[in-house]
Amino acid sequence: MAKGKIITSTDNEHVFVQNVGSDKQIAYYQPYSKELGLKAGMFVRYDVLKDPNTGEKTAVNVELYKKGIITGKDDDHGLIQDLNFGEIRASELMMKEQGILTGSFVKYDLLNTNDGMVAVCVKLAPDPDADQSGSTKQ
């Protein structure tokens with residue numbers, strides 16, 4: 001998957017994303033973008049396909065980039081520094097036993113609760129510089 005940043009949004013489904021590390025802008029079509037939390041300025045991951053009608057590259061399967069660094073924690077709760085939301089709370093049982101320590105790079109699912117954004121299903125992830133799934137090569 002490629003990584004980019006949403007730069008404009010024309011409605012709830014048609015948006016443009018700019019590849020990280022380049023000036024290339026790619027159109028994307030993602031139904032329910034607003035409901036998925038996608039808006040201008042957000043970092044996202046996506047697949048790139050060639051539109052059979054126009055021949056243009058199009059971003060599909062657009063999702064929020066949900067990776068970050070644990071900045072502090074106790075056994076079941078912690079904080080993650082996130083590209084899209086800054087510092088967010090994390091809630092995951094037995095982080096220490098899973099090898100999740102302060103400074104660990106993690107991926108997670110994100111919930112919007114009554115108490116704000118919370119990262120759950122926190123798992124160790126490869127270092128971002130070595131993570132090929134975030135590559136911008138197409």
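Keep in mind that the numbers below use all heavy atoms, side chains included, and drop hydrogens, waters and symmetry copies.
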Worksheet item: Between D115 and R89, is a side chain to side chain contact (heavy atoms under 4.5 Å, CB included) present by the stated rule, with each step listed?
Response: CA-CA 10 Å; D115 296 326; R89 294 177 299 124; 3.5 Å; yes
Worksheet item: Does one hydrophobic cluster hold both I69 and V20, with members joined at side-chain heavy-atom distances below 4.5 Å?
Response: yes
Practice prompt. Check whether any side-chain heavy atom of V48 lies under 4.5 Å from a side-chain heavy atom of I26, and answer yes or no.
Written response: yes
Item to complete: Look at the side chain of D47 and the backbone N and O of N61, then say whether any donor-acceptor pair between them is shorter than 3.5 Å.
Response: no
Worksheet item: Can you name the nearest heavy-atom pair linking S91 to H77, along with the distance?
Response: OG-CE1, 3.5 Å
Discussion item. Taking L38's backbone N and O only, do any of them form a donor-acceptor pair with E63's side chain (distance below 3.5 Å, no angle check)?
Written reply: no
Fill in: ILVMFWY cluster, L79 and I88 together (side-chain gap under 4.5 Å)
no
Item to complete: Check G99 against S104 and note the closest heavy-atom contact, atom names and distance.
Response: O-OG, 3.8 Å
Discussion item. Using side chain to side chain contact (heavy atoms under 4.5 Å, CB included), reason through T58 and Y46 one step at a time and then give a plain yes or no.
Written reply: CA-CA 10 Å; T58 302; Y46 53 91; over 6 Å; no
Discussion item. Apply side chain to side chain contact (heavy atoms under 4.5 Å, CB included) to residues K67 and F43 and explain how you reach the verdict.
Written reply: CA-CA 10 Å; K67 291 186 178 181; F43 286 91; over 6 Å; no
Worksheet item: Judged by atom type as modelled, is there a donor-acceptor pair below 3.5 Å linking the side chain of N19 to the main-chain atoms of S22?
Response: no
Practice prompt. Heavy atoms only: give me the nearest Y108-G68 pair and the separation to one decimal.
Written response: CE2-N, 3.9 Å
Worksheet item: Can you name the closest pair of heavy atoms from G4 and V17 and give their distance?
Response: C-CG2, 3.9 Å
Worksheet item: Is there side-chain contact between L49 and K57, with at least one heavy-atom pair below 4.5 Å?
Response: no
Item to complete: Please report the shortest heavy-atom distance between M94 and D76, naming the atom on each side.
Response: N-OD1, 2.9 Å
Discussion item. Test your reading of the model: is there a side-chain donor-acceptor pair from Q25 to the backbone of Q18, 3.5 Å cut-off?
Written reply: no
Item to complete: For L93 and Q98, work out which heavy atoms get closest and say how close.
Response: O-NE2, 2.8 Å
Practice prompt. Please tell me if the side chains of V106 and I70 come closer than 4.5 Å, counting only heavy atoms from C-beta onward.
Written response: yes
Worksheet item: Would D109 and L111 satisfy side chain to side chain contact (heavy atoms under 4.5 Å, CB included), going step by step from the backbone distance to the final call?
Response: CA-CA 7 Å; D109 288 330; L111 299 177; 5.9 Å; no
Discussion item. What I'd like to find out is whether the side chain of F85 reaches to under 4.5 Å of the side chain of M42, using heavy atoms alone.
Written reply: yes
Discussion item. Determine whether a donor-acceptor pair (N or O, by modelled atom type, separation under 3.5 Å) exists between the side chain of E92 and the backbone of V122.
Written reply: yes
Discussion item. Taking the six-membered ring of Y65 as reference, does the cationic atom of K3 (NZ for Lys, CZ for Arg) lie under 6.0 Å from its centre and within 45° of its axis?
Written reply: yes
Practice prompt. Give the cluster check for I80 versus L124: same hydrophobic cluster or not, with ILVMFWY residues linked at side-chain heavy-atom distances below 4.5 Å.
Written response: yes
Discussion item. I'd like to know if L36 and I6 are part of one continuous hydrophobic network [Ile/Leu/Val/Met/Phe/Trp/Tyr, side-chain heavy atoms within less than 4.5 Å].
Written reply: yes
